[in-house]
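Chain letters run A, B, ... following the sequence lines, proteins first, then strands; residues in each count from 1.
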Amino acid sequence: MKELPKIYDPKQVEGRIYQYWMDGGWFHAVRDPEKKPFTIVIPPPNVTGQLHLGHAFDETIQDVLTRWKRMSGYCTLWLPGVDHAGIATQIKVEEVLRKEGLTRFDLGRDKFLEQVWDWKNQYGNRIVEQLKTLGSSCDWDRQRFTMDDVCAKAVREAFCSLYEKGLIYKGKRIINWCPHCTTALSDAEVEYVEKQGFFWHIRYPLTDGSGSVEVATTRPETMLGDAAVAVNPEDERYKHMIGKTVTLPLVGREIPIVADEHADMEFGTGCVKITPCHDPNDFEVGLRHDLPQYLMLDGEGRITGGYKWDGMDRYEARKAIVQELEDQGYLVSIEPCTHNVGTCYRCHNDVEPLASDQWFVKMAPLAKEAIRVVEDGEVRFVPDRFSKIYLNWMNGVRDWCISRQLWWGHQIPVWYCDDCGEMTVSRQDPCECAHCHSKRIRRDPDVLDTWFSSALWPFSTLGWPEETEDLKYFYPTDVLVTGYDIIFFWVARMIFSGCEHMKKFPFHTVLIHGLIRDPQGKKMSKSAGNGVDPIEVINTYGADALRFNIITGNSPGNDMRYFPERCEAMRNFSNKLWNASRFVMMNLTIDRNELPETLELEDKWILSRLNDLAGEVGDNLDKYELGIAAQKIYDFIWDSFCDWYIELTKARLTGEDEAARIQAQKVLLYVLTETLKLLHPFMPFITEEIFQALPHEGDALMIQTYPTFREDLSFPEESTRLEKVLEAISAIRSRRSEMNVPPSKRPHLFVSTTDPQAFESGMGYLRRLAMVGDVTLVDEAPGDLDSLVSIVTEHSVCYLPMNELVDVDKERERLRKELEKNRGFLENQRRKLANENFVSRAPEHVVNAERERAEKLEALIANLEESLRKLG
RNA sequence: GGGAGCAUAGCUCAGCUGGUUAGAGCACAUGCCUUACAAGCAUGGGGUCACAGGUUCAAGUCCUGUUGUUCCCACCA
C-alpha cells in the first residue's frame, strides 16, 4: 500500500494520470455493434485561440457527459478539433505583418497563406494541449481541423450540391461590409451597439425653384449616393411634388421625388432620402422605382465615385460634408439622438451596408426542415426556452451571405471563363470552362464564411461525403454542448446542414449553457483585463477544483460569475476526499474489495444512502442536471461518509475484535470505491489517483461501471433506526455546546427510548460522538432530577447528570419553550389534517406523510411533557 | 417595437414536474490540535423567498400585473 501525503497536490498527479489514460488508449472509441454509441462533437475552438473560462465550462460539461456515458456501457466518442477561424486568424497574421511594415498584398496570396499555415502549425496545438490539462477525455486519434483534407472535401461537396439544387446563388445585394476587415459579413456577424449620434436635417431644393423638401439622416455623407427622395403616396403635404425633381446639394445631381410606402408620414418630415447602394430599404425602393445606383464608399470606407472628397475616410468626409452643407445653407438643424449602429463582431468597427456582388445560401427552403425537427421535438433544446429563440430566428432568417473577401479559408470552388463569361462550379479543380472548354478560366478569389465549414462539423469530421463506417455508426451524434451566444452562428446552421446533406438532424439534444462572468457580473474580455486564465487556476487549485466549481452553483442556461474563493472551497473538498481515502487506506489490511457477509447497522445505513445517491445521480444526469448531481455527491462524501460514517466505524477499527475490524474495512473500501466512481466524471484526476492506490480489479477507474440503484443494497428500515441514534447524538452535542460543557467532561448518559434495540447497538456511537461516559438504557429518569439535563427527541429522552451546571429553573424554562414551539407545530399539523379538502384532494402519500409528522410531534411532545412533569 | 432571463441569508448562488419548520459555499460567533483532514471538527446566529393581486386543500415554485436589472432580436430614415 502506497503512503499518501497529507495534503493532496494536484500538480503531482494530473499530468501523470492524464498520460496513464492516454497510454491506456481509453479515450479512443472503438466501434462495437454490440454497444450503443454516444457521440459528442466538440465546438471547435479557434486554432489561434487560448483556453478561457468559457471553454473550460463547455469542455467540462462535455467531459462529464462523456465519462459518465463511457462508464455506463456506451461506445463513447468525444470528437475533438479546431476551427480555422477565417477572419480572426487572418487578422492575427496581418497584425504580425504590419509590425514589419507589410500588408498581405505585399506578400501575395500564396506567400501569405504559407505564413498563416506556419502560424497555425506553431500555435494550433496550444489550445489542444490546454484542453488536455482540463482532463478532457477526447478521442485524439480522431482530431480534425476545419481546413484539413477531410473537411475540405466536405465543404466542396456541400457547396456544389447546394449550388446544383439552386440553394446557393450569386447576386448583388445589400450586405454588411466591414471596412477594417475589408470583407462582407453575414447578418449574424453584425453586433448592434447603441451609440450617441445626430440627426442632420438637410434641405433639398426643388429643381424648378418652387420650394424644397427636408430630409433627415444619421449618415449625412451618404447623400452623395442619393438617387431619389421618397414620400408616402397618401401624404397630402407632398402629393403635388411627386414626379418633380430636387437638386442634390453639393453634388448638383437632379433626382426624382418618388411615391413609396417606405416613407412613413408620421416619422420626421415624411421625406426620406433614398441611397440604394447604402441602405437595405433604399435598395428595395431603388429596385421598385428603377433608380440608378451610386456607390459612394470603397472597401476601406473611403469616399469614391468621382466626388471632391474621394479617398477621404468616411468619418472625416462626414465632417467635411456637414460643414459644407452648413456653409451653403442647406443644413436646417442638428438634433442629438441615440441609434443602433452595426459593428463587426471581430474588430468592433462600424460596418457599412453596401451593395455588392456576393454568394448567398437561399435559406427559406432549408429553414423549413430545420424548423420542423425542432417543432416536432426531434431536436430538443435544454433548457427548453432556447428552442423559442432558435425558432424565432429561423422563422425570420434571411439569405446567408457566405462569401468573404479574405484569403484564409476555403476558397469558393467557382471558376469564371474569360471567353464565354460562364461559371464553372466543380468538385474537382477544372482545367477548362465547362461551357466553352476555354482554358482561360479564373477562380473566384473569395473564401467561404468560416461558419460554412463549421456547419458541416457533425458529419464532415466523421468522413462525409464518404460513407465511412464511423459516419454510419456515430451519426447522428447525441448531444451538442455550447453557449447561447452561438446558437445562430453555429447550432442553427448545423441543424439545417445536417437535415439537408445527411437527411437527418445532427444531434437530438442541444445542451445550452450560459457565459462565465467576472465577480462584478461583467463579460470577461482581454480589453477589459478581467479575464481569468484557466491554466493559472488549474496550477493553483487543480483541474478537479476548477471543474467542480464550474459545474456546481449554477442553473442550466444561466450565466455564472467566477469567484476564486469557490475554487478554494472545491480544492478543500478534494483535500477532504483525499484525507478520507488516506484514513481508509491507513486502516486497510485486506487486499480485495468485497462486502462482508454480515453488516452492522451503520453499514446498512451508509450502503443504503450510497445506493439512493447512485439512483438520484443517474436521474439527474439523464435530465442534464449536472450541477444537482455534483452537489449531491459532494454532500454525501462530506456529510454522510466523512462526518458520520467514518466516525461511526472508528469504534470497530480501533477495537479488539478482528472480525469486526475486517468487516468495517470491507464496507469502507466498498463505499469509498463506489463513491469514487460516482464522482469520477466530475473530478477525474483525484478519483483515478485514489482508485489506483486502493485494492481494485480492472484497469482504470475511468472504465469501471458507473453505479446505479441496486435493490439488494437498500435498507430503509435499518437506516431509519440508525438515524434515531444520530439524531440523539446531534441533540446531545447541541445541548453540551449551549451549556459550554467541555469535550473532556464525559458524563454518564441515561437513555429512555421507544427503540431500545437501536440504542443498544448504538451505545458505542453515543460514547464516541456525543462524548459521554457510560450509557445506560432506562425506562424512566433515574435518581435526582434536579441535577439532570433532559435532551428530548422524537424517539428518545437522554438524561445527563450535570450537577453544578444545571439550573433547574432555566432547565424548566427551556423545556417549556421547546414544548410550546412544538405544540404550535402540532396544532398546524392537526389543522391541516382536519381539513376535509386536504385529506380528500391531496395525494395519499402526502397525507400519510403529514400524519406521520403529526405522530412524531405527538411523541416528542409527550417526551417533553414527561420531562417537565418530573422536574416538578 | 417585440421576446427572454434574473430578483431567495451580509456576499455568490442552488431549490427539478407545487407537498415537512426554505438549503449550500464564503463570511460571522462560540468551543475544540477528538491519533484522515486546522484546506479540519462540533455548535450557533442570520431569510416578510422584489411588490400587488389571483389559482389551489397546499405557492419560493403556477397565472396576471407592477418595479428594478441583464440580455437577445427587429431596416423606421
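- Dashed line: the shortest gap from a side-chain N or O of A:Ser737 to OP1 or OP2 of B:rU30 is not under 4.0 Å.
- Put simply, A:Lys632 has no side-chain N or O that comes within less than 4.0 Å of OP1 or OP2 on B:rA14.
- If you take atom C1' in B:rG40 and the same atom in B:rG3, they sit 50 Å apart, rounded to whole Å.
- In summary, A:Asp9 and A:Lys11 do not engage in a salt bridge, as defined by a charged side-chain N under 4.0 Å from a carboxylate O.
- Side-chain atoms of A:Asn822 lie closest to B:rU21 of the nucleotides B:rU21, B:rA77, B:rC41.
- Here the side chains of A:Ile686 and A:Trp578 are in contact, with some heavy-atom distance below 4.5 Å.
- Going from the P atom of B:rG18 to that of B:rU61 covers 12 Å, rounded to whole Å.
- Between A:His513 and the options A:Phe386, A:Tyr484, A:Phe381, A:Phe57, a ring-ring contact (aromatic ring centres under 6.0 Å, His included) holds for only A:Phe57.
- Phosphate proximity of B:rC26 to A:Arg566: absent, as no side-chain N or O sits under 4.0 Å from OP1 or OP2.
- The strand RNA chain B forms stems, runs of 3 or more Watson-Crick or G-U wobble pairs with distances below 3.5 Å, at B:1-7 with B:67-73, B:10-13 with B:23-26, B:28-32 with B:40-44, B:50-54 with B:62-66.
- Regarding A:Glu261, its CD atom lies at a distance of 14 Å from the C1' atom of B:rC76, rounded to whole Å.
- Of the candidates B:rG19, B:rC76, B:rC16, the closest approach to any side-chain atom of A:Phe838 belongs to B:rG19.
- RNA chain B is contacted by both A:Leu857 and A:Glu568; A:Leu857 maps to the nucleotide lying nearer its 5′ end (nearest heavy atom per residue).
- Candidate nucleotides B:rG19, B:rA42, B:rA4 were compared by shortest atom distance to the side chain of A:Arg733, and B:rA42 ranks first.
- If you check B:rG44, B:rC75, B:rG40 against the side chain of A:Asn572, the one that comes closest is B:rG40.
- Using a cutoff of 4.0 Å between basic side-chain nitrogens and carboxylate oxygens, A:Arg814 and A:Glu738 are not scored as salt-bridged.
- Using atom C1' as the reference point in both B:rU69 and B:rU8, the two lie 16 Å apart (nearest Å).
- Comparing B:rU21, B:rG15, B:rC75 against the side chain of A:Gln829 picks out B:rU21 as the nearest.
- At least one donor-acceptor pair under 3.5 Å links the side chain of A:Arg566 to the backbone N or O of A:Thr552.
- Nucleotides B:rU35 and B:rA24 place their P atoms 27 Å apart, quoted to the nearest Å.
- A donor-acceptor contact under 3.5 Å is formed by the side chain of A:Arg853 with the base of B:rU20.
- Heavy-atom neighbours of A:Lys195 NZ from other residues, nucleotides or ligands within 6.0 Å: above the threshold of 12.
- Regarding contacts with the backbone of B:rU35, every side-chain N or O of A:Thr654 stays at 4.0 angstrom or more from both OP1 and OP2.
- Picking from B:rA77, B:rC71, B:rG40 the nucleotide with the shortest atom distance to the side chain of A:Trp638 gives B:rG40.
- Distances from the side chain of A:Asp643 to the nucleotides B:rU43, B:rA42, B:rU21 place B:rA42 closest.
- Across the C1' atoms, B:rC62 and B:rG23 are found 22 Å apart, a figure rounded to whole Å.
- A gap of 25 Å separates the C1' atoms of B:rC28 and B:rU34, to the nearest Å.
- The side chain of A:Phe488 approaches B:rC73 more closely than any other nucleotide in the set B:rA77, B:rA39, B:rC73.
- With a 6.0 Å cutoff to the six-membered ring centre and a 45° limit on the axis angle, A:Lys650 does not count as a cation-pi contact of A:Tyr765.
- Closest contact between the side chain of A:Cys642 and the listed nucleotides B:rC76, B:rA36, B:rG5 involves B:rA36.
- Side-chain nitrogen and oxygen atoms of A:Asn837 include none within less than 4.0 Å of the OP1 or OP2 phosphate oxygen of B:rU56.
- Salt-bridge formation is detected for the pair A:Arg830/A:Glu858: a Lys NZ or Arg NE/NH1/NH2 atom is positioned less than 4.0 Å from an Asp or Glu carboxylate oxygen.
- Each of A:Lys523 and A:Glu794 was matched to the nucleotide of RNA chain B holding its nearest heavy atom; the match closer to the 5' end belongs to A:Glu794.
- Scanning atom types as modelled, no donor and acceptor separated by under 3.5 angstrom connect the side chain of A:Glu850 and the base of B:rA58.
- Not a single donor-acceptor pair, N or O on each side, falls under 3.5 Å between the base of B:rA4 and the side chain of A:Arg385.
- You'll find that the side chain of A:Asn740 is closest to B:rU30, out of B:rU30, B:rA74, B:rC76.
- Judged by distance alone, with hydrogens and angles left aside, A:Lys6 brings no side-chain donor or acceptor close enough to the base of B:rC37 to form a pair under 3.5 Å.
- Distances shown here put every side-chain N or O of A:Lys388 at or beyond 4.0 Å from the OP1 or OP2 atom of B:rC72.
- Taking atom P in both B:rA9 and B:rU48, one finds a spacing of 9 Å when rounded to whole Å.
- Between A:Phe573 and the choices A:Tyr8, A:Tyr541, A:Tyr634, the ring-ring contact (aromatic ring centres under 6.0 Å, His included) rule is met once, by A:Tyr634.
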